[in-house]
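For clarity, every value in this text was computed on a predicted model and none was experimentally measured. Keep in mind that the numbers below use all heavy atoms, side chains included, and drop hydrogens, waters and symmetry copies. Sequential numbering from 1 along the given sequence is applied to the chain's residues.
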Amino acid sequence: MGKIIVCDGNEAAAWGVALARPDMVAVYPITPQSSLAEYISQFVADGIIKADLMDVEGEHSVLSVLQGACLAGARTFTASCGQGLAFMFEPYFRTPPLRLPIVMSIVTRDGITPQCVWGGQQDAMTVREAGWIHMFCETCQEVLDTVIMAYKIAEDRGIMLPVNVNHDGNYLSYGVERVELPDHEEVDAFLGEKNINWHVALDPERPMGVDPLTGGAGGEGPALFVRYRKGLCKAMQNALEVIPAVHREWGERFGRFHAPLIEEYRIDGAEYAIVTIGSMTGAGKDAVDLAREKGERVGLIKIKTFRPFPLAALCSVLSKVKAVGVVDRSVSFGWNAGPVFQEILSALYHLEKRIPALSFIGGLAGADITVDHFMRVIETTGKALKGEVPSDTVWLNGPEENR
């Protein structure tokens, strides 16, 4: 039998790691991820996690040692965010092409400068093209469940890619909720035998070179490089089928069903929709409920899996509405809009009809995105049905003159 606890998102992630029985964990603390590293360290000290805990000098070494461990067949975990993730940049990009199924939490944080240690999603969005699978969580329970499911997804033979389980700094890292801990043996049965490394395994008795120089202007190098790139792309597309299957099995075993790619909330009968990602979704759903009581025909689309991008699922739901408002918690500077908004624009190209799409940015540097903010998003997006479309991005927490 499992048990019920009250904890924040960082502790929920740590419990997810404990239940997945990793062989090696390496972490370096950085706000707002620090308490996750502290929970992991305490669990190892208490024998709850029976793994080697690596105490290294920085984030670059954190992921580098886990690459070696994973190549030797170990199940691994780490966590980071913000500038720590930036310091991890070189090994972070090497992990997906090496096809290493490492699971890593990003406790998302805004970027600098101005100096900022508070929540946002700028860090995770900045590395979205590195080849990792990215899943964003709405609640602490979803954090715990997704960390466990991430191992089954990462270790699937058709995928073999690292997975980032992202939860919003400040709001989920420190926000406390009721969380159900599944039974350890039931999680063992769900995950099955570890399948870390079937394509290459470091062995002192069988020395080998890993990641040789590949490419160049002639010979077989360029074609071999393309083969690796195409293999990674195919694994990403395979994940669009494996992620729903793993979520479905989780729901059947543990009774908690999370939307694997996207979640549709009150879309039936909706004329227009708002799009959310991460912890902001709860406030968005409350605002949709209030608007529905007032007769507004609005629904919500939550994005759970951002990489691979769930194009087909999104096109299916976007084809049902006449306008869409997208709320980002980060910025795409060259576009003067949010990155999720850009992705939705690309998805809309695949529809038979063109519908207005509006960009909203809020929740930067730890700011809250409230129900009132979402009521404004709903009101503004609803006006788009009458042709009143803002010419620029709407900043929800900005100075009054920029609203």
Side-chain angles (χ1 to χ4, degrees), residues 17-28 40-41 43-45 47-80 88-104 130-133 147-148 150-164 184-185 187-216 219-232 234-235 238-239 242:
V17 176
L19 291 163
R21 300 188 193 274
D23 303 297
M24 178 173 284
V25 177
V27 286
Y28 193 88
I40 293 281
S41 300
F43 286 178
V44 171
I48 297 173
I49 297 178
K50 300 184 186 302
D52 290 327
L53 178 63
M54 293 294 293
D55 183 14
V56 294
E57 73 277 16
E59 286 85 353
H60 189 285
S61 297
V62 163
L63 198 50
S64 296
V65 299
L66 290 188
Q67 286 180 348
C70 198
L71 281 165
R75 179 175 281 174
T76 59
F77 175 81
T78 190
S80 192
M88 192 183 281
F89 195 72
E90 189 268 340
Y92 185 86
F93 263 72
R94 290 187 76 204
T95 305
L98 286 173
R99 307 298 292 271
L100 300 178
I102 295 172
V103 174
M104 169 180 168
W132 289 62
I133 291 172
V147 166
I148 299 171
Y151 284 99
K152 196 173 183 75
I153 295 165
E155 295 172 15
D156 186 280
R157 280 287 288 267
I159 300 178
M160 297 296 287
L161 287 176
V163 177
N164 283 140
H184 218 145
E185 284 66 34
V187 172
D188 289 343
F190 169 76
L191 289 178
E193 292 294 323
K194 282 181 284 189
N195 183 22
I196 306 301
N197 221 322
W198 52 269
H199 57 299
V200 61
L202 294 181
D203 183 350
E205 302 298 324
R206 193 167 58 98
M208 70 176 68
V210 176
D211 197 14
L213 195 62
T214 305
E220 297 180 354
L224 184 58
F225 194 88
V226 170
R227 179 183 173 187
Y228 279 104
R229 283 289 184 269
K230 288 182 69 175
L232 202 159
K234 185 175 188 303
N238 292 343
V242 172

Novice: Do you know which two heavy atoms are closest between A18 and I48, and how far apart they sit?
Specialist: CB-CG2, 4.0 Å

Novice: Considering all heavy atoms of both residues, which atom of A130 and which atom of P96 are nearest to each other, and what is their separation?
Specialist: O-CG, 3.3 Å

Novice: Applying side-chain contact (heavy atoms from CB on, under 4.5 Å), name anything that partners E90, two or more places apart in sequence or on another chain.
Specialist: H60, R94

Novice: Might you point out which heavy atoms bring L161 and A235 nearest each other, and give the distance in Å?
Specialist: CD1-CB, 3.7 Å

Novice: Going by salt bridge (Lys or Arg N to Asp or Glu O under 4.0 Å), D23 matches just one of K50, R75, K194. Which one?
Specialist: K194

Novice: Rounded at 0.5 Å granularity, tell me how far CZ in R21 sits from CD1 in I49.
Specialist: 11.0 Å

Novice: Check whether R99 reaches the backbone of I159 with its side chain - one donor and one acceptor, N or O, closer than 3.5 Å.
Specialist: yes

Novice: Between F43 and V17, is any pair of side-chain heavy atoms under 4.5 Å apart?
Specialist: no

Novice: Using every non-hydrogen atom in the two residues, find where V62 and V27 come nearest and quote the distance to one decimal.
Specialist: CG2-C, 3.9 Å

Novice: Go through M104 and V163 one step at a time and tell me if the side chain to side chain contact (heavy atoms under 4.5 Å, CB included) criterion holds.
Specialist: CA-CA 6 Å; M104 169 180 168; V163 177; over 6 Å; no

Novice: In Å and rounded to the nearest 0.5 Å, what is the CG to OG1 distance from L63 to T95?
Specialist: 4.0 Å

Novice: If you take all heavy atoms of T78 and A26, which pair is closest and at what distance?
Specialist: OG1-O, 2.5 Å

Novice: Which atoms form the tightest heavy-atom contact between C70 and P101, and what is the distance?
Specialist: SG-CD, 3.5 Å

Novice: For F93, look at atom CZ and say whether over 12 heavy atoms of other residues, nucleotides or ligands are found less than 6.0 Å away.
Specialist: yes

Novice: How long is the span from the CE atom in M88 to the OG atom in S61, to the nearest 0.5 Å?
Specialist: 10.0 Å

Novice: Does W132 use its side chain to pair, donor to acceptor, with the backbone of Y92 at less than 3.5 Å?
Specialist: yes

Novice: In Å, rounded to the nearest 0.5 Å, how long is the span from CD of E193 to CD of E155?
Specialist: 10.5 Å

Novice: Can you confirm whether Y28 is buried at OH, in the sense that more than 12 heavy atoms of other residues, nucleotides or ligands lie under 6.0 Å from that atom?
Specialist: no

Novice: Under a 4.5 Å cut-off applied to non-hydrogen side-chain atoms, are V210 and Q67 in contact?
Specialist: no

Novice: Distance check, rounded to the nearest 0.5 Å: R157 atom CZ versus M160 atom CE?
Specialist: 7.5 Å

Novice: Please evaluate residues V25 and V44 with respect to the criterion side chain to side chain contact (heavy atoms under 4.5 Å, CB included), reporting the C-alpha separation (whole Å), side-chain torsions for both, the decisive distance (0.1 Å), and the verdict.
Specialist: CA-CA 9 Å; V25 177; V44 171; 5.7 Å; no

Novice: Quick one: does any side-chain atom of Y151 pair with a main-chain N or O of T76 as donor and acceptor, under 3.5 Å?
Specialist: yes

Novice: About how many Å separate CG of L71 and CE of M208, when rounded to the nearest 0.5 Å?
Specialist: 9.0 Å

